[in-house]
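Positions are given from 1, in the same order as the sequence printed here.
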Amino acid sequence: MDFDGEVICEPPNNKLDKFTGTLHLRDSKHPLDNENLLLRGCVLRNTEWCFGMVIFAGLQTKLMQNCGRTTFKRTSIDKLMNTLVLWIFAFLICMGVVLAIGNTLWETWTGRNFQVFLPWDDFQSSAVFSGFLTFWSYIIILNTVMPISLYVSVEVLRLGHSYFINWDQRMYHSQTNTAAEARTTTLNEELGQVEYVFSDKTGTLTQNIMVFKKCSINGQTYGDVYDEFKQKGEITEKTDCVDFSFNPLYDRGFKFYDGRLVEAIKLEDPVEQDFFRLLALCHTVMPEEKSEGHLVYQAQSPDEGALVTAARNFGFVFRTRTPETITLCELGRAVTYQLLAILDFNNVRKRMSVIVRNPQGQITLYSKGADTIIFDLLDPSNEDLMYTTSEHLNGFAGEGLRTLALAYKDLDEDYFEIWMKKLISASTVIENREDQLAVLYEEIEQGLKLLGATAIEDKLQDGVPETIASLVLADIKIWVLTGDKLETAMNIGYSCHMLRDDMNEVFVISGHTLLEVQQQLRSAKEQILGLSRVSSAGDVEKAEMFADGSVYEETIIAEYALVINGHSLAHAMEPQLEHVLLDLACLCKTVICCRVTPMQKAQVVELVKRHKRAVTLAIGDGANDVSMIKTAHIGVGISGQEGMQAVLASDYSFAQFRYLRRLLLVHGRWSYFRMCNFLWYFFYKNFAFTLVHFWYGFFCGFSAQTVYDQWFITLFNIVYTSLPVLAMGLFDQDVSDQNSLHYPSLYKPGQQNLFFNKRQFFLCTLQGVSTSSLLFFIPYAAFSVMVKEDGSYISDQHVFAVTIATSLVIVVTVQIGLDTHYWTVVNHFFVWGSLIVYFSILFAMQSDGMFGIFTSSFPFVGTARNCLSEKSVWLVILLTSVVCVVPGMAVSFLRVELFPTLTDKVRHVQQFRKRQGPQEQSLRRVRRTSSHRSAYAFSHQQGYGELITSGKNMKMSTPSSTGSPGRTPQSSTWIENMLKRKNTVSCVSDESTGAPAKTD
């Protein structure tokens, strides 16, 4: 087919619900709108072939326009390290200046007396110039205070932490053979500081699988199991399912446990049959029979698929449909109903109805929808049944099930003909067409007879309520950002226990204008804060007082929730309202944003990042979550049913939402704890090692003479102390993983950044400085009065250097041993092995053999052998080590005894239980006891009724589904198709059955 046309349309943009264009084809123009546009990632169903044209591709597609730009993510620890390095460099300059000034003064007052013995070089003409040269000499000597190797060590630790996440068997999903994966090595410790989690709903919290669980028919509930004492039992994997083998077309994947309903169907109870007949007729599902008896249902919402599948298993099998008919297989008999009208669903009606004529000529209206709507349309004679059913609905909703009420009405032929004429007339008007149709719909739906109600479980992923409960206890705020309807999102909120009936208030922001949204936001905020009226121009001071809600977040005892839709969110994100929105959201325990676009998800995350300065985490499973995953500090992708785009854009990925609990509370907390301990110890040992040169400068005429042997300076950070600190940073645990999960409050210090901050840096610097002074002055004072056994002086520069070096290695090794909470074989090997390696290298490099081979490189010949053979030297080393270590031990002991933290208490309990024997620790599964009922019909969209009756989605075209060529697009409705129908009713013959199959 040759195409010779042109499309003129709007430029690429991120508006998913709007498209404007014109197709110029063969001297004619055809308008194009959003109904003609198939977005990237969408799937065509019930379509064997079609003609299409690519309008936008690549980065110009609307989906990609909604994806944010990729930014380089850095942790708060990285930023702090960079700041501290600058401070340390400034400190190094200051030390160099002090020592240079000291050299200038010494040369001026004292050094001149030594010129006969130590004459100045020719180019050194003054004491000031000597000080200048000394400055640079000390900068070189003291450069070890700069943590050059720190960045390499940090990356090694992060790599190890990433492998621990990848190797965690408890985050492995065996059903999909998917292991957790750390796709970056730079954000591990940030996992221990998360304050806000932004989650998608469908596919992230839920499995997007609807299951028919219970129902109420004519005042009788079905779906529970009872024991021999007529007591309600709990359904487990061992509970026997109902046998549907009497129905050759049943779906083997469908499970129901109450056999009483099957017995009622077999006894041909008319009410039960009408109940499932309604489910099989009142829907917009499209069937596809891939092989004989192999039925696959294509439903635009999983709710409808679950209901039609339930009817199929109970003997009312939806087989085929045309624009005029619906064919069922009722208990093995083929019955064809003439489809007279579909009264489609919309968000105002919250119900859907069909009008059909059965083979006997009886016209019946079947309706299903929200119970609050259906009950208002019932005939007064159904009052008792309505109250009974309402009690059942309360019980269903209390279990977190999605409920629908079902009703029907037999119509008189004459009344229906009159009503159809009114409907045809109303459908042709130009103004207020929708309103007039709604009035006629409600007119014919009056006086319904109640059949019962259904209860569908929107299956959450395993462990979602428990995970959310743990994260909330860890003071992590969870916001749900979803594209689903408000009612659907709220229902999932109740199922996840994020919304509860005992909350003081659930604020729903649904204004359509900026003024309405502003008024709703301010009213909700002031209701929480207890203000009497909306802030106005006269309340500027009071409004400013409450502008920063962070102070009041700590004092708000009552629990509130905020639910806001996409249209209102667009107004609330305006600059003049975003602070009000953020303050209100932070005062609420739960925040749910529904009907939001991918770009809006990213904007919400950016709003929190920009104003709260808190660590954010976004988790999702679809392409529409990529934008917020990129925007958040940490992005987590779930490898689900919506492809791998979220995973590919994420920093971490796994298969189930429940693994987020372990990722944050165990791996994140451990990574942050280990990294902070590592940094503290690393800075401490560097200051203790380097500042000895500073003190020595005051006793060597500021001559830039080093205390240690040059080989010790080279090997200290590379060999003697590198492996113990790496072992601590990789394997240390303050508490076990079970206790980390059992006590989520242990996570809070990370959010408050208590383990390592600028204050902790100054403390470790102070301890390092004090240790270096003790390392220098204690041996200096001791050697000034000590002599050998033969009366000769014991001290020279070499002996002094070996004594300080040995004391330093022992002190920092003992200190890391005291700071290690969890000893492994690797820790023992590295810590004690480092001491052995030190003494081995010391004696080897100061041996006669090394001096004989490399005379100029090993001047400390025999020093270690001579000095370490003296008992007095060992006493000095012991005294120095004890004085350096004991004060820190005493402070730590007193802090734990007098001011224990939660970590200290849990560690004490852990040690006690370890002595008592292992105990199983697990969160108790809490059943939902809410009485909230869903106020919606089903996750359905308007327009599918007209699509069904138009025949556009049918594979086989029929004369009745083809409109006249001259008809305008607006008049192509099911009403015109109805006028062309024949009044005959066709009945298909019984079809042979084959192997049943599972429906979608």
Side-chain angles (χ1 to χ4, degrees), residues 77 81 85 143-167 185-186 188-189 667 670-690 692 708-734 755-756 764 767-768 771-772 775 802 804-846 864 877 881 884-885 888:
I77 293 288
M81 282 169 48
V85 167
N143 79 86
T144 53
V145 77
M146 293 292 295
I148 304 301
S149 61
L150 174 65
Y151 289 93
V152 178
S153 301
V154 164
E155 292 304 319
V156 171
L157 292 184
R158 287 173 172 169
L159 181 62
H161 296 165
S162 299
Y163 276 115
F164 291 154
I165 295 174
N166 296 344
W167 293 339
T185 61
T186 60
N188 295 324
E189 64 272 13
H667 291 286
W670 277 352
S671 295
Y672 174 70
F673 169 77
R674 291 163 175 168
M675 185 62 69
C676 291
N677 278 6
F678 166 81
L679 292 175
W680 196 98
Y681 179 80
F682 197 96
F683 286 121
Y684 161 74
K685 73 180 182 68
N686 270 20
F687 279 107
F689 165 63
T690 305
V692 174
Y708 312 112
D709 173 21
Q710 60 179 346
W711 287 103
F712 179 81
I713 296 175
T714 303
L715 298 177
F716 178 77
N717 275 324
I718 299 176
V719 177
Y720 300 149
T721 60
S722 61
L723 295 181
V725 69
L726 285 177
M728 181 181 71
L730 284 173
F731 303 110
D732 198 20
Q733 303 174 12
D734 53 349
F755 287 167
F756 191 81
C764 79
Q767 185 172 350
T771 299
S772 68
L775 285 170
V802 171
I804 294 180
T806 304
S807 301
L808 173 64
V809 172
I810 293 176
V811 167
V812 296
T813 303
V814 171
Q815 188 64 51
I816 198 171
L818 294 174
D819 292 339
T820 299
H821 303 86
Y822 181 75
W823 285 88
T824 65
V825 175
V826 177
N827 291 88
H828 282 290
F829 179 77
F830 284 169
V831 170
W832 312 124
S834 294
L835 282 176
I836 297 173
V837 169
Y838 165 73
F839 285 107
S840 301
I841 294 178
L842 178 66
F843 284 104
M845 289 196 303
Q846 297 186 10
I877 294 174
S881 302
C884 289
V885 172

Inter-residue atom distance [X].[atom1] - [Y].[atom2], 0.5 Å rounding:
X: Ile877; Y: Thr806; atom1: CD1; atom2: OG1; answer: 4.5 Å
X: Leu808; Y: Ser881; atom1: CG; atom2: OG; answer: 9.5 Å
X: Leu835; Y: Thr813; atom1: CG; atom2: OG1; answer: 4.0 Å
X: Met728; Y: Asp819; atom1: CE; atom2: CG; answer: 6.5 Å
X: Ile77; Y: Thr186; atom1: CD1; atom2: OG1; answer: 13.0 Å
X: Leu730; Y: Trp670; atom1: CG; atom2: CH2; answer: 13.0 Å

Test side-chain contact (heavy atoms from CB on, under 4.5 Å) applied to Phe839 and Val809, step by step: CA-CA 10 Å; Phe839 285 107; Val809 172; over 6 Å; no
Check: Phe716 ring centre within less than 6.0 Å of Tyr720 ring centre: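 No - the distance between ring centres of Phe716 and Tyr720 does not fall below the 6.0 Å cut-off.
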Phe756 ring center within less than 6.0 Å of Tyr672 ring center: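 So the answer is no for these two rings.
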Just wondering, do [Y] and [X] contact through their side chains at under 4.5 Å, heavy atoms?
X: Leu679; Y: Val154; result: yes
X: Val812; Y: Tyr681; result: yes
X: Ser153; Y: Leu726; result: yes
X: Ser834; Y: Thr721; result: no
X: Asn686; Y: Asn717; result: yes
X: Ser772; Y: Phe687; result: no
X: Ile841; Y: Phe712; result: no

side-chain hydrogen bond (donor to acceptor under 3.5 Å, both in side chains) partners for Asp732, two or more places apart: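 Applying side-chain hydrogen bond (donor to acceptor under 3.5 Å, both in side chains) to Asp732 gives His821.
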Nearest heavy-atom pair of [X] and [Y]: which atoms, and what distance?
X: Asn827; Y: Tyr822; answer: OD1-O, 3.9 Å
X: His667; Y: Phe164; answer: CE1-O, 3.6 Å
X: Leu775; Y: Ala688; answer: CD1-O, 4.0 Å
X: Ser722; Y: Val725; answer: O-CG1, 3.1 Å

All side chain to side chain contact (heavy atoms under 4.5 Å, CB included) counterparts of Val826, not counting sequence neighbours: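 Checked Val826 against side chain to side chain contact (heavy atoms under 4.5 Å, CB included); matches are Ala727, Phe731, Thr824, Phe830.
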Salt-bridge present (Arg674, Glu189; N to O < 4.0 Å):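 A salt bridge is absent here (no side-chain N lies under 4.0 Å from a carboxylate O).
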Over 12 foreign heavy atoms within 6.0 Å of OH, Tyr151: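 Yes, because the 6.0 Å sphere around OH of Tyr151 holds more than 12 heavy atoms from other groups.
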Steps toward side-chain contact (heavy atoms from CB on, under 4.5 Å) verdict (Asn677, Phe755): CA-CA 8 Å; Asn677 278 6; Phe755 287 167; 5.8 Å; no
Check: Phe689 main-chain N/O paired with Tyr708 side-chain donor or acceptor under 3.5 Å: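 Checking the backbone N and O of Phe689 against the side chain of Tyr708, a donor-acceptor pair under 3.5 Å is found.
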Whether Asn188 side chain and His161 backbone form a donor-acceptor pair below 3.5 Å: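 No, the answer is negative, given that no donor and acceptor are paired below the 3.5 Å cut-off.
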Aromatic plane relationship, Trp680 with Tyr684 - under 30° parallel, 30 to 60° tilted, over 60° perpendicular: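 Rings of Tyr684 and Trp680: parallel, as their planes differ by under 30°.
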CA sep, side-chain torsions, deciding dist, call: Phe683, Leu150, side-chain contact (heavy atoms from CB on, under 4.5 Å): CA-CA 9 Å; Phe683 286 121; Leu150 174 65; 3.8 Å; yes
Geometric cation-pi criterion, Lys685 with Phe682: 6.0 Å, 45°: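 Yes, Lys685 lies over the aromatic ring of Phe682.
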Full working for side-chain hydrogen bond (donor to acceptor under 3.5 Å, both in side chains) between Thr144 and Thr690: CA-CA 6 Å; Thr144 53; Thr690 305; 2.7 Å; yes
